[in-house]
Protein chains: 2
Amino acid sequence: MVTTRNSRSDVVAAAGRLFAEKGYHGTSMRDLGRELGLLGSSLYSHVDSKQDLLVSVVEDGARLFQASATASLGTDGSASDRLRALISGHVDVVLDNLDVSRTFLNEARMLDDRHRAKVIEERDRYEAAFRRVLSDGAGDGSFRDDIDPKTASIFILSMLNAIDRWYRPGGALSREQLVEELSLFVIDGLG
Amino acid sequence: MVTTRNSRSDVVAAAGRLFAEKGYHGTSMRDLGRELGLLGSSLYSHVDSKQDLLVSVVEDGARLFQASATASLGTDGSASDRLRALISGHVDVVLDNLDVSRTFLNEARMLDDRHRAKVIEERDRYEAAFRRVLSDGAGDGSFRDDIDPKTASIFILSMLNAIDRWYRPGGALSREQLVEELSLFVIDGLG
DNA sequence: CCTACCGATCGGTAGG
DNA sequence: CCTACCGATCGGTAGG
């Protein structure tokens, strides 16, 4: 069979694709219908509103990043090992879920106040995983202790959250090499 | 006098503000008119189209970053000094022109193909300034030479291009401290 | 999931 | 910069 009815998760997945590519406000419900081979009005049997779709995509993103952080913190190993696990996990989440990640990173600000506040909270919890590992490393001598874990976390996450903007799978840099370069840069710097 | 007629640059400035805050597609010409105290239709005596406004804001951004890079490369000094100048210049451009920078970074992808291609070219030229300094530094022994200047440039620019998302003037970190932390992190890393 | 709509809003124009 | 519009498109609904 070539055609089947779409499920709600098909609709959410397609929404992630279009939101990532053209932005939330640049995507109409008719665009989304076309992507799925049906009319815009037919989408309302799957979702309550357009916002509803954005909420679903962004919550998927939050869940993925959170799950990755939890797994990485569960690792026993040095602070460097756990930092590397966080980096590697983040890279995997982004590259295995490009549309969701892009929507999570760029379109969450289009959410209404209530949902946006929730996302900010979830991002802060995720960032806290990085802060904790950096603090641990500063405490046990793995990392220098004159560096502010909060600021350093932001710098690291800035690098990680930009990967979707430039990395091309199949290009000169393999995923493993990317993780390696990131870890090297973060831990040793240019000097 | 409290009220004067708006100039074209007033309109472009207001457009930058709204595009930065609500996105290009999230801003209507009527929104923009309201911001300036006139009707949406009245804007067309200043601009040809909504796209025209986005082009102007984004080109302003490109010019600012380019000017900063040119000034920094003109510095004579070690590779570290010039890298620090590039970082400091970038921070100044972003923090002194938040709306333009945000629009340049987040909304340029909404441009039509022709203008988007131009912006990509300009960004690449700007990135080339970073690559050159990193290459110089790898050549004269200032920086390690097992690091790829292209990848490192991307990492550094990723940190710089995220500053608008989290930095709050008047907060715990002064602008000078921000530049200091960035330079330290980039050159020495965590280790 | 479609037919057949709804009121609101969109970017933009003619003519002053 | 306003008045007075235009056709197109928007998110969404009723009823099947």
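Here is how names work: the chains are called A, B, and so on, in the same order as the sequence lines, proteins then strands, and each is numbered from 1. Note: hydrogens, waters and symmetry copies are ignored here, and every other heavy atom, side chains too, is used.
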For the pair made of [atom1] in [X] and [atom2] in [N], what is the distance, rounded to whole Å?
X: A/K22; N: D/dT9; atom1: NZ; atom2: C1'; value: 13 Å
X: A/R34; N: D/dC10; atom1: CZ; atom2: C1'; value: 13 Å
X: A/L43; N: D/dC10; atom1: CG; atom2: C1'; value: 14 Å
X: A/L39; N: C/dT3; atom1: CG; atom2: P; value: 6 Å
X: A/K50; N: D/dG11; atom1: NZ; atom2: C1'; value: 8 Å
X: B/M29; N: C/dT13; atom1: CE; atom2: P; value: 10 Å
X: B/R8; N: D/dC1; atom1: CZ; atom2: C1'; value: 17 Å
X: B/H25; N: C/dG11; atom1: NE2; atom2: P; value: 10 Å

Calculate, to the nearest 0.5 Å, the distance between atoms CD1 and NZ belonging to A/I120 and A/K118 respectively.
13.0 Å

Does any part of the side chain of [Y], heavy atoms only, come nearer than 4.5 Å to the side chain of [X], both counted from C-beta?
X: B/R102; Y: B/F19; answer: no
X: B/V57; Y: B/L53; answer: no
X: B/P149; Y: B/F130; answer: no
X: B/T151; Y: A/L182; answer: no

Salt bridge check, B/E21 against B/R17: does any charged N sit closer than 4.0 Å to a carboxylate O?
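Between B/E21 and B/R17 there is no salt bridge, as every charged N stays at least 4.0 Å from the carboxylate O atoms.
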
For DNA chain C, the dot-bracket notation using Watson-Crick and G-U wobble pairs below 3.5 Å, [ ] for pseudoknot-type crossings and | for other-strand pairs, is ||||||||||||||||

Candidate nucleotides D/dC1, C/dG12, C/dA4, ranked by approach to the side chain of A/S41 - the nearest:
C/dA4

Ranking D/dC2, C/dC2, D/dG12 by distance to the side chain of B/S42, first place goes to D/dC2

For B/L134, the option from B/L86, B/I156, B/I147 that meets side-chain contact (heavy atoms from CB on, under 4.5 Å):
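It is B/I156, the one option of B/L86, B/I156, B/I147 that forms the side-chain contact (heavy atoms from CB on, under 4.5 Å) with B/L134.
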
Hey, which of these two, A/G37 or A/R30, hits DNA chain C nearer its 5' end, going by closest nucleotide?
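Looking at DNA chain C, the more 5' nearest nucleotide goes with A/G37.
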
Strictly below 4.0 Å: does [X] bring a side-chain N or O up to OP1 or OP2 of [N]?
X: B/S28; N: C/dT9; result: no
X: A/Y44; N: D/dG12; result: yes
X: B/H46; N: D/dC1; result: yes

Please figure out whether A/D48 or B/S45 has its closest DNA chain D nucleotide nearer the 5' end.
B/S45

